[in-house]
Amino acid sequence: MLQVELISANLVRLLEFWTASRGPDGRPPPRSVLDPLALPPSVLPGLILMELHPGLPGGDPFRFYYRLAGTAIVEMFGFDPTSRYLDEIGDTPEIRLNIERLNHAIATGQPHISRSSFMIPTREFMQVERLTLPFLREDGSVGFLLTALSPINPTS
């Protein structure tokens, strides 16, 4: 059961897509269902698709490889993380917290919802709502994470 209720209608639609795509046993859906034409178009700019790779010796169990970052993500981050590892971007408290969120979705096979503030390149703080969804590899293990970010209006 999710402990935080989503605010963003886009993220609600994405969670509904993920839930409808799950197997009858409740396991996460396969990566093959991630067809951009099947996703709500309004969520595409705020998507991040990460692939799980084995971790480095003595480090985290996984490395998170950015397969795709939407245009809104590139704008928020101030750079395009596509084709880079999360651990190459830096080792800040926010990145460590994000790794914890990602690992939670992997371990549980369930969606993870969070809200946070972070500094955007213009030196302003932005509040975002984040939905992370696990997807399975062909071998049945969690191998991909789809994260959607949606700015939170400060007046909401």
Side-chain angles (χ1 to χ4, degrees), residues 1-4 6 8 10-11 14-36 38-39 43-121 125-152:
M1 186 58 122
L2 297 173
Q3 296 178 347
V4 178
L6 288 168
S8 166
N10 282 339
L11 299 190
L14 185 59
L15 180 58
E16 289 170 348
F17 166 81
W18 183 89
T19 301
S21 300
R22 287 188 304 175
D25 60 358
R27 291 185 43 115
R31 158 71 173 86
S32 60
V33 303
L34 281 179
D35 175 0
L39 298 174
V43 305
L44 296 176
L47 290 183
I48 298 169
L49 179 62
M50 292 182 154
E51 183 174 2
L52 303 181
H53 290 186
L56 299 172
D60 292 318
F62 300 106
R63 290 185 82 195
F64 301 96
Y65 182 75
Y66 285 93
R67 296 276 305 249
L68 170 93
T71 55
I73 299 301
V74 172
E75 185 176 312
M76 276 188 239
F77 287 11
F79 66 94
D80 187 351
T82 303
S83 300
R84 295 177 67 185
Y85 285 98
L86 178 58
D87 59 41
E88 294 174 337
I89 293 171
D91 188 16
T92 65
E94 176 62 30
I95 288 175
R96 296 302 311 162
L97 182 57
N98 194 31
I99 290 172
E100 286 179 29
R101 292 175 184 129
L102 297 171
N103 281 323
H104 182 268
I106 296 165
T108 64
Q110 296 298 313
H112 187 271
I113 298 170
S114 63
R115 295 187 184 100
S116 63
S117 297
F118 65 92
M119 184 83 68
I120 59 174
F125 279 98
M126 173 181 272
Q127 290 186 314
V128 295
E129 182 171 49
R130 178 184 292 107
L131 172 64
T132 300
L133 302 168
F135 287 83
L136 302 178
R137 297 181 197 273
E138 289 181 13
D139 69 6
S141 66
V142 173
F144 299 90
L145 296 169
L146 184 69
T147 297
L149 297 179
S150 180
I152 297 173

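Side chains included, hydrogens not; waters and symmetry mates left out as well; all remaining heavy atoms used. Each residue takes its place number in the sequence, starting with 1.
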Please tell me if the side chains of R22 and V33 come closer than 4.5 Å, counting only heavy atoms from C-beta onward.
no
Is V142 close to L136 at the side-chain level, that is, under 4.5 Å between some pair of heavy atoms?
yes
Show, in sequence, the C-alpha distance, side-chain angles and deciding distance for R84 and F79, and conclude whether the side chain to side chain contact (heavy atoms under 4.5 Å, CB included) test is met.
CA-CA 11 Å; R84 295 177 67 185; F79 66 94; 3.7 Å; yes
Show me the donor-acceptor pairs within less than 3.5 Å that the side chains of residues 63-73 make with the rest of the protein, sequence neighbours left out.
from: R63; atom 1: NE; to: D87; atom 2: OD2; distance (Å): 2.8
from: R63; atom 1: NH2; to: D87; atom 2: OD1; distance (Å): 2.8
from: R67; atom 1: NH1; to: E51; atom 2: OE1; distance (Å): 2.7

Grab the two heavy atoms, one from R27 and one from S141, that are nearest each other, plus how far apart they are.
NH2-N, 4.4 Å
Looking at every heavy atom in both P81 and I89, which two are closest together, and how far apart are they?
CB-CD1, 4.0 Å
CZ of F62 to CG of N103, rounded to nearest 0.5 Å, is 7.0 Å
Does the pair L146 and T132 meet the rule for a side chain to side chain contact (heavy atoms under 4.5 Å, CB included), with working shown?
CA-CA 6 Å; L146 184 69; T132 300; over 6 Å; no
Passes side chain to side chain contact (heavy atoms under 4.5 Å, CB included), F77 versus I48? Steps please.
CA-CA 12 Å; F77 287 11; I48 298 169; 4.1 Å; yes
Do L102 and N98 pass the side chain to side chain contact (heavy atoms under 4.5 Å, CB included) test, and can you show the C-alpha distance, the side-chain angles, and the key distance before you say yes or no?
CA-CA 6 Å; L102 297 171; N98 194 31; 4.2 Å; yes
Student check: side-chain heavy atoms of F135 and P28 closer than 4.5 Å
no
Please give me the minimum heavy-atom distance between L131 and L11, naming the atom from each residue.
CD2-O, 3.5 Å
With side-chain hydrogen bond (donor to acceptor under 3.5 Å, both in side chains) as the test, would you mind laying out the steps for N10 and S8 before giving the verdict?
CA-CA 5 Å; N10 282 339; S8 166; 4.7 Å; no
Correct closest heavy-atom pair for R130 and E94 would be NH2-OE2, 3.5 Å
Does any non-hydrogen side-chain atom of P134 lie less than 4.5 Å from one of I106?
no
Could you tell me the separation between the CE atom of M50 and the OG1 atom of T82, rounded to the nearest 0.5 Å?
10.0 Å
Rounded to the nearest 0.5 Å, the NE2 atom of H104 sits from the OG atom of S114 at a distance of 11.0 Å
For A105 and L145, which heavy atoms make the closest approach, and how far apart are they?
CB-CD2, 4.1 Å
